[in-house]
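FYI, side chains are in, hydrogens and waters are out, and symmetry mates aren't considered; it's all heavy atoms of this structure. Predicted model, so just to flag it, every value in this text is computed and none were measured.
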Amino acid sequence: KTAYEIKECDWSSDVCSSDLIVRPLAVGRWCVTHLARPAGSPRSLSADYVLKMVKPEHAATTAVRGMLAQEVRISRQLNHSRIVPILAAQLAQPPFYVVMPRIRGATLDAALQRYGRVALPAALWITRQLSEALMEVHRAGWIHADLGPANLIVQPNGTVSLLDFGLSLPCRHGLHEEQDNGGFSN
């Protein structure tokens, strides 16, 4: 179990309701993400969740629904502080969606566009955190396959979180806990 766990929250009601969706966050090729709160929550409650919904024009696309289902399946195999967990999902009928905790910050892509080049110490800190997340992904037998600045959230304190496992591929040779050489062969 992760530190983020939804208890007694209703995500099954009309997810397009203004009671749930606070505002859009980002539009991707296949999905739209929204800042959200569970149904029945008072409007005064902060929106601490992200609702990632398949765009209506892609709802009938088996491949897009498959990527979302894979993202859920992989998320259930991972438990790491540097990986954004999936808390809830609706995959059986439209609208297709997943719910994640809101990580305050910006994608590395947005931060680079806004501030430009990252100083070497910050770049090394981001790389170290990303490496920790990727080791967990590889131990679980997966390769992220869509790694880039748009799939990394950088919080104001410098903490980095990895997300979006929809395009991940299985590893041919997974890394194992007992390897103490960083996963490299001798």
Value for OG1 (T107) from CD1 (I153), rounded to nearest 0.5 Å, stands at 6.0 Å
Output for pair (L25 CG, L51 CG), nearest 0.5 Å, gives 9.5 Å
Discussion item. Please determine whether residues L112 and W125 belong to a single hydrophobic cluster, defined as Ile, Leu, Val, Met, Phe, Trp and Tyr linked transitively by side-chain heavy-atom distances below 4.5 Å.
Written reply: no
query = Taking S75 for the side chain and I86 for the main chain, is one N or O donor matched with an acceptor at less than 3.5 Å?
reply = yes
Between V72 and A89 the two heavy atoms that sit nearest each other are CG2-CB, 3.7 Å
- Donor-acceptor pair, side chain of Q129 and main chain of R82, under 3.5 angstrom: no
Q | L162 vs L152 side-chain heavy atoms within contact, under 4.5 Å | A | yes
Residues S161 and V84: closest non-hydrogen pair is CB-CG2, 3.7 Å
Query - Side-chain donor or acceptor of D146 paired with backbone N/O of N151 under 3.5 Å - result: no
Quick one: side chains of residues 57-66, donor-acceptor pairs under 3.5 Å with protein atoms, not counting sequence neighbours, listed by atom name and distance.
{"residue": "H58", "atom": "NE2", "partner": "R29", "partner atom": "O", "Å": "3.4"}
{"residue": "T61", "atom": "OG1", "partner": "H58", "partner atom": "O", "Å": "3.4"}
{"residue": "R65", "atom": "NH1", "partner": "A59", "partner atom": "O", "Å": "3.0"}
{"residue": "R65", "atom": "NH1", "partner": "A60", "partner atom": "O", "Å": "3.4"}

In terms of heavy-atom contacts, F165 and Q70 come closest through O-NE2, 3.7 Å
Rounded to the nearest 0.5 Å, the CG atom of D164 sits from the CD atom of E71 at a distance of 5.0 Å
One should read off an interatomic distance between H138 NE2 and E136 CD, to the nearest 0.5 angstrom, of 11.0 Å
Between the NE2 atom in H144 and the CG atom in L134, the distance rounded to the nearest 0.5 Å is 7.5 Å
Exercise. So, the side chain of Q90 versus the backbone of P95: is there a donor-acceptor pair under 3.5 Å, distance only?
Worked result: yes
Do the side chains of L91 and L163 join up, straight or via other hydrophobic residues, at under 4.5 Å, putting them in one cluster? yes
Exercise. Tell me whether V32 is reachable from L68 by hopping between hydrophobic residues (I, L, V, M, F, W, Y) whose side-chain heavy atoms are closer than 4.5 Å.
Key: no
For I126, the side-chain contact (heavy atoms from CB on, under 4.5 Å) test, sequence neighbours excluded, returns L108, V118, V160
Exercise. What about I143 and I83, same hydrophobic cluster or not, with Ile/Leu/Val/Met/Phe/Trp/Tyr joined at side-chain heavy-atom distances under 4.5 Å?
Worked result: no
For L78 and A140, the nearest pair of non-hydrogen atoms, with its separation, is CD2-CB, 3.6 Å
Besides L169, the hydrophobic cluster formed by Ile, Leu, Val, Met, Phe, Trp and Tyr side chains linked at under 4.5 Å, directly or via other members, contains none
Minimal heavy-atom distance between L20 and P38, with the atoms involved, is CD2-C, 3.2 Å
L45 and R37 have their tightest heavy-atom pair at O-NE, 3.0 Å
Distance col, row H34:NE2 vs Y97:OH, nearest 0.5 angstrom, shows 12.5 Å
* Asked: Out of curiosity, does L147 fall in the hydrophobic cluster containing L124 (side-chain heavy atoms, cut-off under 4.5 Å, transitive links)?
  -> no
